[in-house]
Amino acid sequence: MSTAANSSRQRTEAAEAFAGWLQDLGRDADRATSPKEDSAQADSAREQDWLRAERQQAVERVRTQAVPTGKSEDWRYTGLRSLIDQGFIQVDEPLTALTPEDIEEILVPGLDAHRAVLVNGRYSESLSDLGTLPRGVRVGSLRAMLDSDPDALQGVLTRIAGEGSHLFASLNTAAMQDGLVLLLERAALLERPIEIIHLSVGMEEPRVAQPRHLISLGEGAQAQVIERYVSLGDALYCTNSVLELALGRDAQLRHARLQQESPNAFHITGLYLSQDENSRYAGVNIGLGGTWARTDLVTRFTGEHAECDLQGLYLAGDKQLIDYHMDVRHGLPNCSSRERFKGILYGKGRAVFDGLVYVARDAQKTDADMSNRNLILSANAEVDTKPQLEIYADDVKCSHGTTVGQIEPEALFYLRSRGISAPLARRMLCLGFAGEIIDALSSEALRDYVTEQVGMRLEQAPLD
């Protein structure tokens with residue numbers, strides 16, 4: 001078969017393989033263009049012409065993009081066959097039967113935060129508890145804001161992510177129906193963190209939820225955000241999430257992300273970050289759940305003297321694949337970035353770390369460091385790690401490195417000789433390895449919770 005014919009076949013496969021992810025588009029378009037009850041609604045519909053144009057462009061990209069294969073460098077170690085074979089279809093309507101008591105088991109003990117809850121990708125007013133927000137802070141449902149005030153989102157929503165990194169970003173743009181919007185005006189201060197809970201509840205058929213989030217901080221604004229992906233039960237489902245972050249001049253955002261999906265779930269996240277002059281972003285990513293999880297972290301600097309700090313910890317055990325991809329582009333001088341990720345693998349767990357720091361010719365005085373360290377607890381665990389630097393400027397300070405190792409037998413023997421059981425000794429040593437990342441979480445309650453979750457996983461892991 002010719003190269004052109006093969007490419008055409010792959011593009012057809014992409015549209016067919018993910019047709020269920022887009023099944024509600026026709027109905028939504030009909031609803032949007034149907035006669036309205038009043039002129040205000042009609043005005044709102046016309047104001048959303050820009051969004052319908054974005055959707056249509058995304059649909060066209062899906063029709064022309066190929067399904068990523070092992071021949072693609074970005075997907076070499078992350079096969080898609082198991083995801084495609086599930087036959088996921090788009091979530092159509094949100095669940096309304098849940099009560100606040102139903103979600104108590106998934107809350108973080110002692111966490112004091114404004115809470116926003118999405119159930120299967122749709123914002124839930126009844127489960128959320130935003131409380132009183134400071135002046136200049138606006139939080140709410142994407143769907144509601146598109147209906148009531150689309151002007152506030154035009155020119156911002158979809159601008160940061162653009163066409164995205166791959167096919168799944170296009171699928172999200174084409175099919176997005178709801179999500180969370182967090183807007184901070186100039187100099188606004190959100191001292192109490194906002195917790196975004198993505199709650200997945202099993203349905204009769206395998207479903208995919210595609211929430212779209214937008215967080216925008218104006219000049220000098222400051223906020224803390226905690227994102228959590230959790231489930232009730234061990235259902236099979238897929239989350240395909242896109243988060244757009246825009247930090248204005250001198251803005252500061254501390255952002256914690258905890259992925260605890262169902263052990264049978266598939267998880268895809270694209271985080272797209274834009275940083276203006278003197279802005280500060282500190283992100284901590286914790287990956288524990290799912291059977292197949294892929295996270296893309298994409299950073300662009302739009303002003304000088306901006307700082308980006310990306311940290312992460314992942315655990316992968318039997319029947320788990322956890323994949324982190326980073327694309328940090330230094331296009332301007334005097335910016336800095338730090339990427340520090342650690343992984344712990346056991347059983348037949350697999351992990352992928354693929355990070356790129358790109359320094360353009362004009363990005364002099366760039367300061368960038370990337371590291372990936374992995375602890376392997378079993379002979380059958382595997383990690384594919386590839387930190388990369390691509391530098392075209394000559395006055396920079398850049399470094400990268402990776403390590404893969406095992407627990408030191410002497411350290412384990414020392415603890416065992418003092419009467420500590422093998423599972424507990426391993427837990428202690430692994431938590432010591434992971435502690436640097438966990439300690440970067442700004443909330444003490446969240447640090448304690450993550451420590452306990454990681455510790456339980458390690459104690460339950462099989463010993464070789």
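None of these values were measured; they are calculated from a predicted model.
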Engineer: Checking Leu80 against Thr78 for the side chain to side chain contact (heavy atoms under 4.5 Å, CB included) test, could you report, in this order, the C-alpha distance in whole Å, the side-chain angles of both residues, the deciding distance, and whether it holds?
Structural biologist: CA-CA 7 Å; Leu80 289 174; Thr78 309; 5.6 Å; no
Engineer: Which ring pair (Phe, Tyr, Trp, His ring centres under 6.0 Å) pairs, counting each pair once, include a residue from residues 143-194, with sequence neighbours left out?
Structural biologist: Phe18-Phe168, Trp21-Phe168, Trp75-His166, Trp75-Phe168, His166-Phe168
Engineer: Under the salt bridge (charged side-chain N to carboxylate O under 4.0 Å, His left out) criterion, do Asp369 and Arg340 qualify, and how do the steps go?
Structural biologist: CA-CA 8 Å; Asp369 177 67; Arg340 291 180 291 269; 5.1 Å; no
Engineer: Can you check whether Gly233's main-chain N or O pairs, donor with acceptor, with Ser231's side chain at less than 3.5 Å?
Structural biologist: yes
Engineer: So among Leu142, Asp178, Val117, which one has a side chain to side chain contact (heavy atoms under 4.5 Å, CB included) with Arg122?
Structural biologist: Asp178
Engineer: Can you find a side-chain donor-acceptor pair between Gln388 and Tyr358 that sits under 3.5 Å?
Structural biologist: no
Engineer: Do you know which of Glu261, His267, Arg207 makes side chain to side chain donor-acceptor pair (under 3.5 Å) with Tyr237?
Structural biologist: Glu261
Engineer: Do any pairs count as a salt bridge (charged side-chain N to carboxylate O under 4.0 Å, His left out) and have a residue in residues 229-248, sequence neighbours left out, and if so which ones?
Structural biologist: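 Passing the test, one end in residues 229-248: Arg212-Glu244.
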Engineer: Ignoring hydrogens and angles, write down the donor-acceptor pairs under 3.5 Å from the side chains of residues 245-256, residues two or more places apart or on other chains.
Structural biologist:
from   : atom 1 : to     : atom 2 : distance (Å)
His255 : ND1    : Tyr281 : OH     : 2.8
His255 : NE2    : Glu227 : OE1    : 3.0

Engineer: Mind listing the side-chain donor-acceptor pairs of residues 327-336 below 3.5 Å, one per line with the distance, residues two or more places apart or on another chain?
Structural biologist:
from   : atom 1 : to     : atom 2 : distance (Å)
Asp327 : OD1    : Arg329 : NE     : 2.8
Asp327 : OD2    : Arg300 : NH2    : 3.3
His330 : NE2    : Ser337 : OG     : 2.9
Asn334 : ND2    : Glu304 : OE1    : 2.9

Engineer: Partners of Asp129 by side-chain hydrogen bond (donor to acceptor under 3.5 Å, both in side chains), sequence neighbours excluded?
Structural biologist: none
Engineer: Got more than 12 heavy atoms from elsewhere within 6.0 Å of CD, Glu191?
Structural biologist: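 Check fails, neighbour count at 12 or below.
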Engineer: Who passes ring-ring contact (aromatic ring centres under 6.0 Å, His included) against Phe353, sequence neighbours left out?
Structural biologist: Phe341
Engineer: Apply the test side chain to side chain donor-acceptor pair (under 3.5 Å) to residues Asp85 and Ser82: give CA-CA distance (whole Å), side-chain angles for both, the deciding distance (0.1 Å), then the verdict.
Structural biologist: CA-CA 5 Å; Asp85 287 346; Ser82 60; over 6 Å; no
Engineer: Without swapping roles, check the side chain of Trp292 against the backbone of Gly79 for a donor-acceptor pair under 3.5 Å.
Structural biologist: yes
Engineer: Is the backbone of Pro68 close enough, under 3.5 Å, to the side chain of Ser72 for a donor and an acceptor to pair up by distance?
Structural biologist: no
Engineer: Does any donor atom in the side chain of Gln275 or Thr302 lie under 3.5 Å from an acceptor atom in the other side chain?
Structural biologist: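 Thr302 and Gln275 do not have a side-chain donor-acceptor pair below 3.5 Å.
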Engineer: Determine whether a donor-acceptor pair (N or O, by modelled atom type, separation under 3.5 Å) exists between the side chain of Arg192 and the backbone of Ala113.
Structural biologist: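 Here the side-chain-to-backbone pair exists.
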Engineer: Where is the tightest heavy-atom contact between Ala174 and Ala58, given as atom of each residue plus distance?
Structural biologist: N-CB, 3.6 Å
Engineer: Please list, chain by chain and in numerical order, all residues satisfying side-chain hydrogen bond (donor to acceptor under 3.5 Å, both in side chains) with Glu277, sequence neighbours excluded.
Structural biologist: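 None.
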Engineer: Using distance alone, with no hydrogens and no angle criterion, decide if Gln364 and Asp362 have a side-chain donor and acceptor under 3.5 Å apart.
Structural biologist: no
Engineer: Just by distance, no angles: are the side chains of Gln210 and Asn240 close enough, under 3.5 Å, to form a donor-acceptor pair?
Structural biologist: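 Present: a donor and an acceptor within the cut-off.
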Engineer: Does Arg61 offer a backbone N or O that forms a donor-acceptor pair with the side chain of Thr64 under 3.5 Å?
Structural biologist: yes
Engineer: Side-chain polar contacts of residues 195-203 - donor-acceptor pairs under 3.5 angstrom, sequence neighbours left out - could you list them?
Structural biologist:
from   : atom 1 : to     : atom 2 : distance (Å)
Glu195 : OE2    : Arg228 : NH1    : 3.0
His198 : ND1    : Arg228 : O      : 3.2
His198 : NE2    : His213 : NE2    : 2.7

Engineer: Check whether any side-chain N or O of Thr69 sits under 3.5 Å from a backbone N or O of Lys71 as a donor-acceptor pair, and report yes or no.
Structural biologist: yes
Engineer: Show, in sequence, the C-alpha distance, side-chain angles and deciding distance for Val357 and Glu339, and conclude whether the side chain to side chain contact (heavy atoms under 4.5 Å, CB included) test is met.
Structural biologist: CA-CA 9 Å; Val357 174; Glu339 297 81 31; 3.5 Å; yes
Engineer: Counting only N and O atoms by type, is there a donor-acceptor contact under 3.5 Å from the side chain of Gln320 to the main-chain atoms of Gly317?
Structural biologist: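 Yes; judged by distance alone, with no hydrogens or angles, the pair exists.
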Engineer: Would a 4.5 Å heavy-atom cut-off, applied to side chains only, mark Val91 and Val208 as touching?
Structural biologist: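 A side-chain contact under 4.5 Å is absent here.
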Engineer: Among side-chain atoms of Thr291 and Asn264, is any donor-acceptor pair under 3.5 angstrom?
Structural biologist: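 The criterion, which ignores hydrogens and geometry beyond distance, is not satisfied for Asn264 and Thr291.
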Engineer: Identify the two heavy atoms, one from Ala169 and one from Glu163, that lie closest to each other, and give their separation to 0.1 Å.
Structural biologist: CB-O, 4.2 Å
Engineer: Count the heavy atoms of every other residue, nucleotide or ligand shown that sit under 6.0 Å from CD of Gln222, and state whether that count exceeds 12.
Structural biologist: yes
Engineer: Salt bridge check, Arg350 against Asp323: does any charged N sit closer than 4.0 Å to a carboxylate O?
Structural biologist: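 No salt bridge links Asp323 with Arg350.
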Engineer: Quick one: ring-ring contact (aromatic ring centres under 6.0 Å, His included) partners of Phe88, sequence neighbours excluded?
Structural biologist: Phe266
Engineer: Take Leu153 and Met145, measure what side chain to side chain contact (heavy atoms under 4.5 Å, CB included) needs, and give me the verdict at the end.
Structural biologist: CA-CA 8 Å; Leu153 303 179; Met145 194 169 292; 3.7 Å; yes
Engineer: Main chain of Thr99, side chain of Asp102: is a donor-acceptor contact present, judged purely on distance under 3.5 Å?
Structural biologist: yes
Engineer: Would Gln90 and Gln177 satisfy side chain to side chain contact (heavy atoms under 4.5 Å, CB included), going step by step from the backbone distance to the final call?
Structural biologist: CA-CA 10 Å; Gln90 171 89 343; Gln177 297 300 322; 4.1 Å; yes
Engineer: With a 4.5 Å limit on heavy-atom distance, are the side chains of Thr366 and Cys398 in contact?
Structural biologist: yes
Engineer: Is it true that the side chains of Thr269 and Thr295 contain a donor and an acceptor less than 3.5 Å apart?
Structural biologist: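 No, no side-chain donor-acceptor contact under 3.5 Å.
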Engineer: So, using salt bridge (charged side-chain N to carboxylate O under 4.0 Å, His left out) as the criterion, who are the partners of Asp276 when residues are at least two apart?
Structural biologist: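 Partners of Asp276 under the salt bridge (charged side-chain N to carboxylate O under 4.0 Å, His left out) test: none.
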Engineer: Tell me, please, which residues at least two apart from Arg338 pass side-chain hydrogen bond (donor to acceptor under 3.5 Å, both in side chains).
Structural biologist: Asp367
Engineer: Does Glu390 CD have over 12 foreign heavy atoms under 6.0 Å away?
Structural biologist: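 Yes, CD of Glu390 has more than 12 neighbouring heavy atoms, counting only those of other groups under 6.0 Å.
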Engineer: Is there a donor-acceptor contact under 3.5 Å from the side chain of Arg55 to the main chain of Leu51?
Structural biologist: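 No, the answer is negative, given that no donor and acceptor are paired below the 3.5 Å cut-off.
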Engineer: Determine whether a donor-acceptor pair (N or O, by modelled atom type, separation under 3.5 Å) exists between the side chain of Asp296 and the backbone of Leu271.
Structural biologist: no
Engineer: Would Asp149 and Arg138 satisfy salt bridge (charged side-chain N to carboxylate O under 4.0 Å, His left out), going step by step from the backbone distance to the final call?
Structural biologist: CA-CA 12 Å; Asp149 189 12; Arg138 185 176 183 183; 3.0 Å; yes
Engineer: Quick one: ring-ring contact (aromatic ring centres under 6.0 Å, His included) partners of Tyr449, sequence neighbours excluded?
Structural biologist: none
Engineer: Taking all heavy atoms of Leu130 and all of Ala116, pick out the closest pair and write down the distance.
Structural biologist: CD2-CB, 4.1 Å
Engineer: Would you call Asp354-Lys386 a salt bridge at under 4.0 Å N-O?
Structural biologist: yes
